[in-house]
Amino acid sequence: MPFIPHTEKDTREMLQTIGVNSIDDLFDEIPTELKIDQLEHVPGALSEMEVSRFMKQRAKIDGSPMCFIGAGAYEHHIPTAVWDIATRGEFYSAYTPYQAEASQGTLQVIYEYQTMITQLTGLDISNASLYDGASALAEASLMAVRINRHVKSGRVLLAPGVNPIYEQVASAIAGAQGLTFERLPTDITTGNVDFDLLPKDSDPVAVVLQQPSYIGTLDDVNRLTDWAHANGALMISVVNPISLALLKAPGHWGSEGADVAIGEGQPLGIPMSSGGPYFGFMTCKKKYARQMPGRIVGRTTDLDGNLGYALTLQAREQHIRRSKATSNICTNQGLMVTAATIYMSLLGYEGLVNVAKTCHHNTALLADGLSAIDGVERLFEGPFFHEVALKLDRPISSLLEILANRNILAGLDITSFVGSDALLICATETKTQEDIEVFITAFSEAMASVNTNSA
Amino acid sequence: MPFIPHTEKDTREMLQTIGVNSIDDLFDEIPTELKIDQLEHVPGALSEMEVSRFMKQRAKIDGSPMCFIGAGAYEHHIPTAVWDIATRGEFYSAYTPYQAEASQGTLQVIYEYQTMITQLTGLDISNASLYDGASALAEASLMAVRINRHVKSGRVLLAPGVNPIYEQVASAIAGAQGLTFERLPTDITTGNVDFDLLPKDSDPVAVVLQQPSYIGTLDDVNRLTDWAHANGALMISVVNPISLALLKAPGHWGSEGADVAIGEGQPLGIPMSSGGPYFGFMTCKKKYARQMPGRIVGRTTDLDGNLGYALTLQAREQHIRRSKATSNICTNQGLMVTAATIYMSLLGYEGLVNVAKTCHHNTALLADGLSAIDGVERLFEGPFFHEVALKLDRPISSLLEILANRNILAGLDITSFVGSDALLICATETKTQEDIEVFITAFSEAMASVNTNSA
Amino acid sequence: MNSHVKSELIFDKSRNGRRAFAQAPNAVKASKIPSKLMRNDKPRLPEVSEPQTVRHFTRLSQLNFSIDTQFYPLGSCTMKHNPRACNALALLPEFAGRHPLGPISHGQGFMSCMFELQEMLKDVTGMKGVSLTPMAGAQGELAGVAMIKAYHEARGDHERTEIICPDAAHGTNPATAMMCGCQVVEVPTGPEGDIDFDALKLAVGPKTAGIMLTNPSTLGVFERRIKDVADLIHGAGGLLYYDGANLNAILGKVRPGDMDFDVIHMNLHKTFSTPHGGGGPGSGAVGVNDRLLPFMPIPIVGSKQVEGKTLYDWLSEDDLPQSIGRLSGFMGNAGVLLRAYVYMRMLGCDGMKRVSEFATLNANYLSSKLQEAGFELAFPARRASHEFIVTLKHEARSLNLTAMDFAKALLDKNYHAPTTYFPLLVPECLLIEPTETESKETLDNFVTAMIEIATAAKKGVEFKDAPYTMPVRRLDDVKAARQLDLAYQPE
Amino acid sequence: MNSHVKSELIFDKSRNGRRAFAQAPNAVKASKIPSKLMRNDKPRLPEVSEPQTVRHFTRLSQLNFSIDTQFYPLGSCTMKHNPRACNALALLPEFAGRHPLGPISHGQGFMSCMFELQEMLKDVTGMKGVSLTPMAGAQGELAGVAMIKAYHEARGDHERTEIICPDAAHGTNPATAMMCGCQVVEVPTGPEGDIDFDALKLAVGPKTAGIMLTNPSTLGVFERRIKDVADLIHGAGGLLYYDGANLNAILGKVRPGDMDFDVIHMNLHKTFSTPHGGGGPGSGAVGVNDRLLPFMPIPIVGSKQVEGKTLYDWLSEDDLPQSIGRLSGFMGNAGVLLRAYVYMRMLGCDGMKRVSEFATLNANYLSSKLQEAGFELAFPARRASHEFIVTLKHEARSLNLTAMDFAKALLDKNYHAPTTYFPLLVPECLLIEPTETESKETLDNFVTAMIEIATAAKKGVEFKDAPYTMPVRRLDDVKAARQLDLAYQPE
Ligand SMILES: Cc1ncc(COP(=O)(O)O)c(C=O)c1O
Ligand SMILES: Cc1ncc(COP(=O)(O)O)c(C=O)c1O
């Protein structure tokens, strides 16, 4: 009984107090024919020693390749203090702070987080987190519908650079409420919005722009934001928090600023760990506070007049409003937000700038080096942050396999998204000049060993 | 300035308050000719990211071989909770509990530790730790001199199975006070004390018996203890705490019990980490409390009459008694004791018994398997706990090298100690049946590939 | 912590130019990004040193109650011990460092764990398929209802848009139904805590898409006529959704699949002990029976034999063309799934059963003791499941001692309060879930604390101003919602 | 923590047959050990579950003050920030799992760190050789004095058995001298905190083995005539020992070797920020000049070139036949050494200098502010080093407010007290060492707290009963020593 403290004596006494003979008697209201005897596909218990060894063997299979993939999840240095503190029992094993007085630690952390993320995005208020960046787009779209109630089209227009997975997730979640997601036209030289071909009279609920885009490009955020507002749409930004150390904050896009900003919080101190747990962040203009999904922490005072923190605006939420809630979200990604708050504190603005610049610098180095290889060129003109799409004249899957065998994850094959053989690469601050050189050399060797597409 | 919070403004203001112009001015009492400009052999700073990567590369060089070495440091399963809790900032970054009221956590842990270690050794009182098992022998010997003040010989008699390193350390530390360490005669078939040849009129200060011995044997603790007492000597036990789940506790050796028990605490939840930090434990009969070296925690009451914990018997210690102190020890191995206390709590008596029995069982399996190989036999007759010395007819260094190349650390070469080609092996509970088989096979292959000594 | 010490905000410690220098690279040359895309304001992140940061957040942590420090009998939340090994093993560097889009050649270790987790969860729920991607209970519900809808749609059954929920249902159930574009039909609870079967019959009809139930219900009692309910709903063409938040009550004893549920979500952060983290992350893996297999959310880990070896790969749109789609950017809360996997392996098949056995034992013991001490149980005639309800309606009336007051008074006794005011239908209720990992002594001490509070109240002690010993006194929730202060304004 | 919650002992939670089942293997068949060697009593270890253990020790931890939670200006102890990375990297599985007797083929990574640590420490101290094996400051002292003795012995100088210590010396210095079989000759301190040079001249003679000094001294001031002292001692045939506990004051600025010291120990757990752990582990690496090289304690890491590659190996008796020998079972507190190594690499050469600069800045700032606030400095005419002394002799007399009372009052203000009653020669003293990692605001707030206490005392507030807000009130030390209760007796 690994985690159960009961002695036989305890059990005996407890049964006696209850007035039954056996634990099985406690299940007497359950129809006998439903009961099972034995789980058949759950193996026997392993001790912690056994399971540790076993998991280490499993982990070893996956190895620790050098990773140049980005595409929504990024390898960054995470200060040791972040998880040392976030996994302290008091954070790690607490529940959602329903009893505010006994949860001031978690609540104050969230209040600080909300402050930091509004500062980064340049918007007024933030919630306490959503599941991840992709589902945050679904929530933001539904929020746009609630805010933009007079627009009945249900049409959300996505810039060409919005992560295709985000689109899929948003459709899966928000589709049931009649939302449709459509792409704005692409300028194929830049990969960005083709402003000349923007639809007229499309009556959009919202326009979504991802900056930097999924394919690594940077778009004219001001122009599209103003266009959205001119067309009666809410402007939703999808942003990478690290990039906001350098790039214009959504709150300052266009003449009025974006209305809602969302994104994937993972770059802020969360390990990549196969895709989660991460967290979605969401900020918006203050006037939309009551349409926001998710938990929100507010500062208030106690009986003595001292400051304190509590969950607030709960009337938006499922446990109060039930079928009229702004969302069904309940448990969010609290611990990740704790980690991100510690991360942002340790980095500070200047630290984030240095991280962002180093990412940009490394990716530029890498893109330049790879573009110098015969058969490799940049897919799009224009500026980028820390990801670049490359056009290749060889089959990407073969290249990726060769490099994976050399323990290099060379990037993500985005051929199916862009429609021609293309590779999306990323080099964060974790890569040294030497790493980049190793990669370029390996890449050019791989290129040399594979036939061109035409051949 | 990685860990320094001063802004330029802070520094300016602080200098102004002090009334100097620069930080350098603060060093104006130091003769100029002594000052240096630059450290020449300390490289430039690495960021946490850089040093992490660098240290991981260094660690990788050492690898994670399968280890069958014991000889004073043992690989055991350490529950994750042990170090998760011990490295909580409040334990990790506190000082020695000088301000008792603000250190009740550490103090209570030590009190609990003292209780557990007295229970394990069957003696009355314990100190809060010494540096390690080896230096604890030095302290125990010096303590014996203080207790046995009428014995002037300075002679400490060591059973044949006392760890030779412990002897060296004890000599290095206690030699200056006139102590000499001498070996009792050995019965070469058992490796134990040859009772027929025990010295007469040797006037020993103390007799030291290590159980289980360095060479894996188990001696007749009762007989030697009684002999020591009959000869006016203090009896000092050197014991492995895990073995005490099975083996007779020092407090019950012979008719009166050993007087002092010491040992290496490492097996109680401390990683092997190249030899330290570990901790030495020491327990003794109550009447010797005032001769004990090191910190001791006592339970007392506070102004309200509530129970609390504080350092006590400080009049023995260097900060009070200075040159008349029982020892110069000040900082001890507090954090290790915290870990050990958590370890002992998680294991409990029954858990320790299971660990001990599994170690014994695995070592028996291994010894049997290896002894079945041509040219391998047990060096000594008689029982063992979790180490066994093997006699080999091939040069051990070659065997060890071959196996190390296969990532197996096959044991410790104790040839120089026992005077013939001998290997000391150990298999703790961390080894599976499969591991043991792998080792046996590899060993027999290695044997086959090396010429016998005679050849 | 010292509760009298004021908690500063991290921003109060901020000073221009201060930072934790070891944590970022040195500056590199300016970027090549056009200035019109660059930001020209300076976001006010805290500018603090590493020691300040460590101290600030360490001290903040100490202001929390948590499972690692207090008994936390929060009903419906399953606050049980979170084994530390689960965390350590999920964070092994290869797992923590694995990019979600890495090739399967560098993911067979992780994927094998996920595959086996799917298999174990099937067994535990009695279901035929499991998808691990939902990121919390509510998202699992969303996946479930979406599958139910997809099922009806695929059969051309377009009118089925009603989801039946008992009035005791957790708020996420109706909220989820709404998000899936359904209407909610609420049915009342009978006097003994079972669903009002007659009312249910009336609620069922041709528009019924399905029913969302948890069994045992949020009232802490087992729905005895579950088979009848299933027959009724199925007979009407609807499907049955099992809200797995209460799986801890029946683990290894009864399986939702065997009760004829068609789909279930599990809260791995409850039953399988992944930490709640002060509000997540969770994981709401879903299990389905044959009917709903084609609709499962992707990705799912599949396995095939290649050259005599098992190869794990991702099942995607191509494999499940009828899938309701993707619910997360990658693979749900993968690291949470790993933690649950480790936990399940440590429990083993026998350990699973013991979970529900001892959770039930603890709940029944505690309810017996409290009843004996004079507290009123909401369903005194019923066996408690893993949780049970005390109603303080008498105390509220005669002593002016509400459930809220009681909860705050418990904080001063160093116990986290049970869930209050849920389920909504029981007045002044405390929903108490001790879980299997608490000892008899803890339960006994908790009973003593409950009695002490009640006794004090009877003697005239007021608890309106409780708590007294927490870092803050009772907080003004109304002010929090009226005078919104949701982010610090650095001057 | 809630200070009003009684702390139970872990033994109070113990019940027959309870345990943390996941943490030990299942029982195997009985052993083959003869029964007369077996134990037949049952040691009373706690029998507790895993959740209980986690909760118990987590809550105990919360009862502590620590650097991670409080300002901890404990003079002479250098309570500075302990970077978390140092711990994590020292515990990398390959390092944590390395057997100390493993072959050097599986230790080059670890050994290269140790070798480089030796080299850096040589540079930092201005010494010619470094041995890392001593396990704390006091053992470093023992190594040092033993080397001094060995040096004299090797020269046939058998009569040199006196060690000179200033009266301000830390207790370990005289205690060490005694352990090394020497006699201690104490010399007084002059009015300005330097050693009384005339008294020193009288103390020196043909029996002088050496002198133990720390510079700056434990009085917080730099020994200005250090060169004269060195010349005097060396002229008399003695050697100079540097107690490196105060190295934080001069790191990268002045080197003991350049001051003509012959041997030094360093407290890596002070200057190089390895954690104090509630009382250790420490590390007392020793550095020596040419004279003492042959006598260094073993093992030491050596390096040689083999086939163009650097190979690290252990220097042992064979390499240093005159060595004073071994002081630990293996290689000292190896894991502490790794932490110090990582810390030094993170500081780099410039960071070293900044340590002493900002430690000194903080101490001088704090002493200025306190003096301004009316506190009396023990050596007002002197520059503070990294620490300084306030004497409360007036307050003790006029207000009946002793250094002890003041210390306890500070605890109630959430500050750890400075070192009290050391050095012994300054009456009612507080030895205050802020360290470089504390911010100006923290120092300012500390000054405010000091002033508040003094002001309250002047208004007649008594602090004899302080502290009030800690988990316990002031403890009865006399009772602790008289009625010895050193281990719980489980009835
Ligand atoms: C009965 C019930 N259903 C559903 C949920 C929702 O789960 P989650 O919070 O993981 O979204 C909860 C959790 O509070 C619950 O108790
Ligand atoms: C001046 C001085 N010397 C020596 C020591 C002894 O060091 P350790 O405690 O590491 O043995 C100390 C530590 O308290 C000290 O402050």
Side-chain angles (χ1 to χ4, degrees), chain A residues 1-3 5 7-8 46-57 59-60 63-64 66-67 75-93 105 269 271 342-343 345-351 354-355 358-359 362 407 428-435 438, chain B residues 1-3 5 7-8 46-57 59-60 63-64 66-67 75-93 105 269 271 342-343 345-351 354-355 358-359 362 407 428-435 438:
Chain A
M1 315 210 296
F3 311 113
T7 64
E8 279 176 34
L46 296 179
S47 69
E48 185 180 308
M49 178 177 86
E50 290 164 334
V51 81
S52 299
R53 183 165 165 155
F54 170 78
M55 290 301 283
K56 281 173 194 162
Q57 283 161 350
K60 218 166 164 183
S64 296
M66 185 146 76
C67 176
E75 185 181 9
H76 290 289
H77 166 64
I78 304 175
T80 312
V82 169
W83 286 98
D84 267 22
I85 299 175
T87 55
R88 284 173 57 84
E90 300 94 321
F91 283 136
Y92 187 73
S93 76
I342 303 171
Y343 177 85
S345 302
L346 282 172
L347 272 286
Y349 169 63
E350 211 186 313
N354 290 0
V355 169
T358 309
C359 289
N362 284 347
N407 240 353
T428 65
E429 87 283 8
T430 59
K431 298 297 171 290
T432 62
Q433 175 120 16
E434 198 198 328
D435 294 338
V438 165
Chain B
M1 314 210 297
F3 310 114
T7 64
E8 279 176 32
L46 296 179
S47 70
E48 185 179 308
M49 178 178 84
E50 289 164 334
V51 80
S52 299
R53 183 164 165 155
F54 170 80
M55 291 300 284
K56 281 172 194 163
Q57 283 162 351
K60 217 167 165 185
S64 295
M66 185 148 76
C67 176
E75 184 179 10
H76 289 290
H77 165 65
I78 304 175
T80 312
V82 169
W83 286 98
D84 267 21
I85 299 176
T87 56
R88 285 173 56 84
E90 301 94 320
F91 283 137
Y92 188 72
S93 74
I342 303 171
Y343 177 86
S345 302
L346 282 172
L347 272 286
Y349 169 63
E350 212 187 312
N354 289 0
V355 169
T358 309
C359 289
N362 284 347
N407 240 353
T428 65
E429 87 282 10
T430 59
K431 298 297 172 289
T432 62
Q433 176 120 14
E434 199 197 327
D435 293 339
V438 165

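Note that this is a predicted model, so its numbers are computed, not measured. Naming: A, B, ... by sequence-line order, numbering from 1 per chain. All heavy atoms count here, side chains included; hydrogens, waters and symmetry mates do not.
Other residues, nucleotides and ligands contribute more than 12 heavy atoms inside 6.0 Å of the CD atom of B:Gln57.
The distance from the OG1 atom of A:Thr430 to the CD atom of B:Glu50 is 12.0 Å, given to the nearest 0.5 Å.
Residues of residues 76-85 of chain B lying within less than 4.5 angstrom of chain A, judged on heavy atoms, are B:His77, B:Ile78, B:Pro79, B:Thr80 in numerical order.
In this structure, A:Asp435 and B:Arg53 have side chains that are in contact, with non-hydrogen atoms separated by less than 4.5 Å.
At a 4.5 Å heavy-atom cutoff, the contact between B:Glu429 and chain A is made by backbone and side-chain atoms alike.
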